[in-house]
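Written below as structure tokens is the structure these notes are about.
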Amino acid sequence: MSAEKLSFEDFQPGRRFALGPKPVTTEEIIEFASEFDPQPMHLDEAAGRASILGGLAASGWHTSSMFMRMMADSYVLHSLCEGAPGVDLMEWRKPVLAGDTLSGHSIVLEARPMRSRPGMGIVKFRHEVENQRGELVCVSENSVMFGLRARPADIGISPETSA
């Protein structure tokens, strides 16, 4: 990838970004759960096996955090990202177990310039994360704000004069 960061114009509908791979370790599941979601199935292998999850399982919030890291590594940190206004959909379809390896993709569903913030556009994504068996473990949809390659101030347009 060149030194130039991805801008709003680079996020055309249909564009896909690969996510991962991300190996999931026992240690990180326990560390995350100890701090943020200390339920037995996230802290202890035997408790995980005895649960409906079938083994030591990452919290759904941990799965979301790992997914966010994969997004950051794939394209967010290499872009003019300005943050996200929220998450429209977050589904945890299957447990993420110790020893799994996660991968997936983000696909651009739609993109439009923002009228309320000249120089920025909003891009809606659908994200799908799978384990090494090809089983869908997480699905998410959200919008992200990105700077335009040529911001209005850069081309002599003030926010007051743009419509």
Side-chain angles (χ1 to χ4, degrees), residues 1 3 5-8 10-112 114 116-117 120-147:
M1 177 181 290
K5 294 201 175 229
L6 296 169
S7 66
F8 167 77
D10 296 310
F11 293 92
Q12 296 300 312
R15 183 161 184 190
R16 292 170 66 101
F17 294 88
L19 304 175
K22 165 66 177 101
V24 182
T25 68
T26 298
E27 296 76 23
E28 74 179 301
I29 290 174
I30 293 171
E31 182 179 346
F32 185 96
S34 295
E35 186 166 355
F36 300 110
D37 193 353
Q39 297 181 71
M41 67 286 243
H42 306 315
L43 294 169
D44 179 75
E45 179 67 43
R49 276 195 311 277
S51 78
I52 63 170
L53 302 177
L56 181 67
S59 160
W61 299 112
H62 185 193
T63 299
S64 295
S65 296
M66 290 184 284
F67 151 65
M68 180 66 220
R69 182 58 196 234
M70 289 189 293
M71 257 187 4
D73 291 343
S74 178
Y75 56 91
V76 170
L77 295 177
H78 312 289
S79 73
L80 300 177
C81 180
E82 295 284 347
V87 175
D88 302 316
L89 171 73
M90 178 60 72
E91 294 180 352
W92 303 311
R93 300 272 182 97
K94 287 213 176 259
V96 172
L97 303 175
D100 280 352
T101 298
L102 304 180
S103 62
H105 65 271
S106 296
I107 187 166
V108 176
L109 299 178
E110 56 189 63
R112 64 175 171 77
M114 296 177 70
S116 62
R117 294 191 179 270
M120 290 179 54
I122 193 153
V123 177
K124 184 169 185 178
F125 290 92
R126 178 175 175 88
H127 317 279
E128 296 182 351
V129 178
E130 300 177 337
N131 62 23
Q132 69 281 2
R133 293 179 296 282
E135 298 168 329
L136 200 55
V137 298
C138 179
V139 175
S140 181
E141 290 185 5
N142 74 303
S143 295
V144 179
M145 298 173 289
F146 293 95

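Predicted model only: the values in this text are computed from it and were never measured.
With ring centers used as reference points, Phe125 lies under 6.0 Å from Tyr75.
Proximity of a side-chain donor or acceptor of Arg126 to a complementary backbone N or O of Leu109 within less than 3.5 Å is not detected. Listed for the Ser79 side chain is no donor-acceptor partner under 3.5 Å among the backbone atoms of Ser7. When atom types are taken as modelled, the side chain of His42 and the backbone of Ala57 share a donor-acceptor pair closer than 3.5 angstrom. Looking only at distances, a side-chain donor or acceptor of Ser74 sits under 3.5 Å from a matching main-chain atom of Ala18.
Contacts of Ala50 classified as side chain to side chain contact (heavy atoms under 4.5 Å, CB included), with partners at least two apart in sequence or in another chain: none. Contacts of Leu77 classified as side chain to side chain contact (heavy atoms under 4.5 Å, CB included), with partners at least two apart in sequence or in another chain: Ala72, Asp73. Remark: Gln12 pairs with no residue by the side-chain hydrogen bond (donor to acceptor under 3.5 Å, both in side chains) rule, at least two apart or across chains.
A distance of 12.5 Å separates NZ in Lys5 from CG in Asp10, rounded to the nearest 0.5 Å. To the nearest 0.5 Å, atom OG of residue Ser140 and atom CE of residue Met90 are 3.5 Å apart. Within the model, atoms CG of Leu102 and CZ of Arg69 stand 14.0 Å from one another, a figure rounded to the nearest 0.5 Å. A distance of 5.0 Å separates CD1 in Ile122 from CE in Met114, rounded to the nearest 0.5 Å. To the nearest 0.5 Å, atom SG of residue Cys81 and atom CE of residue Met145 are 7.5 Å apart.
Of all the heavy atoms in Thr101 and Pro21, the pair that sits closest is CG2-CB, 3.8 Å. The two residues Val137 and Pro95 have their closest heavy-atom pair at CG1-O, 4.2 Å. Leu19 and Glu128 make their closest contact through CD1-O, 4.5 Å (heavy atoms, listed as atom of the first residue, atom of the second, distance). The nearest pair of heavy atoms linking Ser51 to Met41 is OG-CB, 3.8 Å. Taking every heavy atom of both residues into account, Gln132 and Gly99 meet most closely at NE2-O, 4.4 Å.
For residues 26-37, every residue pair satisfying the salt bridge (charged side-chain N to carboxylate O under 4.0 Å, His left out) rule, not counting sequence neighbours, is listed here: Lys22-Glu28. Pairs of residues two or more places apart, or lying in two chains, that qualify as salt bridge (charged side-chain N to carboxylate O under 4.0 Å, His left out) and include a residue from residues 96-112 are Asp100-Arg133.
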Side chains of residues 60-67: which donor-acceptor pairs under 3.5 Å do they make with residues two or more places apart or in other chains?
residue, atom, partner, partner atom, Å
Thr63, OG1, Ser59, O, 3.3
Ser64, OG, Gly60, O, 3.2
Ser64, OG, Trp92, NE1, 3.1
Ser65, OG, Trp61, O, 3.0

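Each of Leu80, Val144, Val123 was checked for a side chain to side chain contact (heavy atoms under 4.5 Å, CB included) with Phe8, and the lone residue meeting it is Val123.
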- Task: I would like to know whether Glu91 and Leu136 meet side chain to side chain contact (heavy atoms under 4.5 Å, CB included); could you show each step before the answer?
- Result: CA-CA 10 Å; Glu91 294 180 352; Leu136 200 55; over 6 Å; no

- Test side chain to side chain contact (heavy atoms under 4.5 Å, CB included) on Ile29 and Val24 and set out the steps. CA-CA 8 Å; Ile29 290 174; Val24 182; 3.7 Å; yes

- Full working for side chain to side chain contact (heavy atoms under 4.5 Å, CB included) between Phe146 and Leu6: CA-CA 9 Å; Phe146 293 95; Leu6 296 169; over 6 Å; no

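For Leu89, the CG atom sits in a packed shell: over 12 heavy atoms of surrounding residues, nucleotides or ligands are nearer than 6.0 Å.
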